[in-house]
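In what follows, a structure is listed as structure tokens, so that the remarks can point back to it.
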Amino acid sequence: MHPALSVLFFTVTSGMGFGLLFCLLFAYHYGVFPLPLNGLSDNVWSSLTQPYLIDIAIATGLFTLGLISSSFHLANPKNAWRSFTRFRSSWLSREAVFAVLMYPVLAIYIGALLFEMTLAANLIGLALLVLLLVLVYCTAMIYASLKTIPQWHNRYVSAGFLIFSLISGLMAYAAIVPEAQLNSLIYLPVLGTGLVIKLLYFHSLGEPQISNINTATGFGASQASITLFDTGHSSRNFSQREFIYIVGPKTTNLARKVCLIAAFVLPAALLTMNWTWAALASHYLGMLLERWLFFVEAKHVIRHYYST
Amino acid sequence: MKLGLTVDLDTCVGCHGCATACKQWNSSGTIGPLTDLNAYADEPDGPWLNRIRTYEVKAENEVSKTVHFPMSCLHCENAECVTVCPTGASYKREEDGIVLVDQDKCMGCNLCAWACPYGARELDEAQGVMKKCTLCVDRIYDQELEPEDRQPACVLTCPTGSRKFGDFDDPTSEVSLLTASRKGVDLMPELGYAPTNKYLPPRAAPQVPTHATSTSSSDAGIKGWINKMIAR
């Protein structure tokens, strides 16, 4: 699959924004890891400048940047509003609905905080946590629901998107909330789970595929050897540009190693040294490489018609 | 009704007439234009709703064959391209099973093309919307045309008659009978898209004995050749 830069940037950045918001809400309402300030001050309106709200704004900025970037891969963005209409069947439509729903729910949540409606803030905070999980799952299912791309049509894709989003959020949390002093008992298991899921995903890419040029052309029963003689057109067409993106195994094998080290191993080491911004930078670059690999190692079945 | 095509791989000669007729008709039809980019340059580009690839097929104990393989939208029963469409631009008609793209609703996200195993959908980059075979929906129901002309452009133009159009729900239609007698196949049946269009595999041709002719005299060779031609 052709790795469109806007899609790589969108999925990694918005994943980090959603993960960061998840970590902030979790920390604030359930106190799993420490916050910069315990709760809000007595003066309601001065609390607008409080770190918790600023951190929420940073998370919102991150996923908004990602969402804006996602519209760059639309060839006809003026119809983008219509993508809210097929909620019942399309994962992309569900993602769009939930992504846009984030904003009013978040606004109500911040309102509840400012007016010190604790019960409401707790309830809406919980709703936001669920919404974030559902939203990232929808993003993953856009890819995982495609039977045409066997490398994506498996259980590691949705598990991966969820855990990678959480890891990105945790890395951002550690960096922008330095007072938090994340405990290694929190970040090591999370990073480890991400590493294992990515390794399992890489392993699953080696599984035999059910489609081949024989099933594609219908000469399957004859077990004939089939080779493409002529594509019938003189330059690369839309399908070839979009779906057939060939990178040699040498490059992808190296990229896999760099991705695993940069996204998971190195951030763990840097966090133990409390170099939180370095851990975040390494993880973010590692995730961009992970998403690039996610596309270039995904092989659409149309390649069988082109003998590639 | 379940309208679709049969494509006879035995008689298709790979002339690209179907693709050309398709491009001509649909450039000005309901989904037109089909914008060409760099039409007179080195890398001409643009959406085609039908493409013909050519394969060399070599089965064991058989001579190798050249098979021309036209592919357009197969109007699947489980059309995942419609399921994934977030805008509702892609739809499958209840009444005849034709899969269409509403050009006014498409936002050009390409996800339907990703979901199609057959490469049947191509983005018109000038217009930013997805293009695909309409089964000439603007022609097959046109009461102004003679009944025999109410067929897709590709079927009408095919010089060898290798493309047939009809209703697969009707067991007595030409396409149903052809599919039964020629053992028509689905492409990539393992994906479960249940394509409507069927491909009729090449007939098993007897092997031509090429080695025997080289040893006989030219006289007997020509005589033998004439006899063989008459016998046909």
Side-chain angles (χ1 to χ4, degrees), chain A residues 1 73-87 89-96 142-143 145-149 210-211 213 215-243 300-302 304-307, chain B residues 9 14 16 19 38 42-45 47-48 51-60 62 66-67 69 71 80 82-89 104-111 113-119 121-125 127-130 185-193 199 201:
Chain A
M1 297 293 290
H73 85 286
L74 300 181
N76 192 20
K78 74 170 163 37
N79 276 342
W81 64 274
R82 290 187 187 273
S83 65
F84 306 126
T85 58
R86 285 299 179 272
F87 183 82
S89 50
S90 164
W91 284 106
L92 180 51
S93 185
R94 288 170 199 161
E95 186 205 36
I142 294 171
Y143 305 100
S145 66
L146 296 171
K147 287 183 210 159
T148 47
I149 303 164
I210 49 168
S211 299
I213 194 168
T215 67
T217 51
F219 304 130
S222 68
Q223 298 300 317
S225 94
I226 304 167
T227 46
L228 181 70
F229 181 67
D230 185 14
T231 59
H233 40 86
S234 53
S235 60
R236 276 168 73 82
N237 66 10
F238 169 79
S239 300
Q240 287 169 303
R241 285 197 304 273
E242 188 77 3
F243 303 122
H300 196 285
V301 290
I302 196 174
H304 298 308
Y305 290 105
Y306 288 97
S307 285
Chain B
L9 299 176
H16 292 240
N38 313 318
D42 285 348
E43 301 271 310
D45 193 7
W48 287 73
R51 289 189 185 265
I52 298 93
R53 285 174 282 265
T54 301
Y55 297 96
E56 241 171 37
V57 181
K58 171 82 178 81
E60 215 171 321
E62 273 183 49
T66 303
V67 179
F69 209 94
M71 277 181 78
E80 287 279 329
V82 173
T83 314
V84 301
C85 177
T87 63
D104 294 333
K105 290 184 180 168
C106 177
M107 68 174 188
C109 71
N110 288 352
L111 191 56
W114 291 18
C116 175
Y118 310 110
R121 288 166 169 259
E122 299 194 10
L123 186 77
D124 186 325
E125 280 163 42
Q127 280 194 297
V129 291
M130 199 52 75
V185 296
D186 286 348
L187 305 186
M188 283 198 250
E190 68 278 12
L191 295 183
Y193 280 55
Y199 283 78

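Just so it is clear: chains get the letters A, B, ... in the order the sequence lines come, proteins before strands, and each one is counted from 1.
Only the side chain of A/Ser234 comes within contact range of chain B, judged by heavy atoms closer than 4.5 Å. Interface residue A/Ser83: backbone and side-chain heavy atoms are both found under 4.5 Å from chain B. Within the 4.5 angstrom heavy-atom criterion, only backbone atoms of A/Arg236 (N, CA, C, O) approach chain B. Only the side chain of B/Asn110 comes within contact range of chain A, with at least one heavy atom under 4.5 Å from a heavy atom of that chain. For chain B, the nearby parts of A/Ile302 are the backbone and the side chain; heavy atoms of each come within less than 4.5 Å. The parts of A/His73 that come within reach of chain B are both its backbone and its side chain, each placing non-hydrogen atoms under 4.5 angstrom from that chain. The part of B/Ile52 that comes within reach of chain A is its backbone (N, CA, C, O), which places non-hydrogen atoms under 4.5 angstrom from that chain. Looking at B/Glu56, both its backbone and its side chain come within 4.5 Å of chain A, counting heavy atoms on both sides. No part of A/Ala96 comes within reach of chain B, as not one of its non-hydrogen atoms sits under 4.5 angstrom from that chain.
Looking only at heavy-atom pairs under 4.5 Å with chain A, the residue among B/Cys85, B/Ala89, B/Pro201, B/Gly192 that has the most is B/Cys85. Ranking B/Val84, B/Asp42, B/Leu123, B/Thr66 against chain A, the residue ahead of the rest is B/Leu123, based on heavy-atom pairs under 4.5 Å. Interface summary for chain A: among B/Pro189, B/Gly119, B/Ala19, B/Gly128, the most heavy-atom pairs under 4.5 angstrom belong to B/Gly128. When each of B/Asn38, B/Leu187, B/Val185 is checked for heavy-atom pairs under 4.5 Å with chain A, B/Leu187 comes out on top. Comparing B/Met71, B/Arg121, B/His16, B/Met130 by heavy-atom pairs within less than 4.5 Å of chain A, the highest count is held by B/Met71. Highest contact tally toward chain A, considering only B/Ala115, B/Pro86, B/Cys109, B/Cys106, is held by B/Pro86 [criterion: heavy-atom pairs under 4.5 Å].
In this structure, the side chain of A/Asn76 does not engage the main chain of B/Gln127 through any donor-acceptor pair within 3.5 Å. Using a distance-only test at 3.5 Å, with no hydrogens or angles considered, no donor-acceptor pair links the side chain of A/Thr215 to the main chain of B/Met188. A/Ser235 places a side-chain N or O within 3.5 Å of a backbone atom of B/Pro44 that can act as its donor or acceptor partner.
Taken from CG in B/Asp45 to CZ in A/Arg241, the straight-line distance is 4.0 Å, to the nearest 0.5 Å. We find the CG-OG distance between B/Leu111 and A/Ser93 to be 11.0 Å, quoted to the nearest 0.5 Å.
At a threshold of 4.5 Å between non-hydrogen side-chain atoms, the residues B/Tyr118 and A/Tyr305 count as touching. With a 4.5 Å cut-off on side-chain heavy atoms, B/Met107 and A/Trp81 do not count as touching. At least one side-chain heavy atom of B/Tyr55 sits less than 4.5 Å from a side-chain heavy atom of A/Thr217. For the pair A/Leu228 and B/Phe69, the minimum side-chain heavy-atom distance is 4.5 Å or more.
Pairs passing the salt bridge (Lys or Arg N to Asp or Glu O under 4.0 Å) check and including a residue from residues 76-87 of chain A, sequence neighbours excluded, do not occur.
Closest approach of B/Glu190 to A/Ser211, counting heavy atoms only: OE2-OG, 2.6 Å. Of all non-hydrogen atoms in A/Asn237 and B/Arg51, the two that sit nearest each other are ND2-NE, 3.1 Å. When all heavy atoms of A/Phe238 and B/Ala113 are compared, the pair lying nearest together is CE2-CB, 3.8 Å.
Aromatic ring pairs are classed by plane angle as parallel below 30°, tilted from 30° to 60° and perpendicular above 60°; the pair A/Tyr143 and B/Trp114 is tilted.
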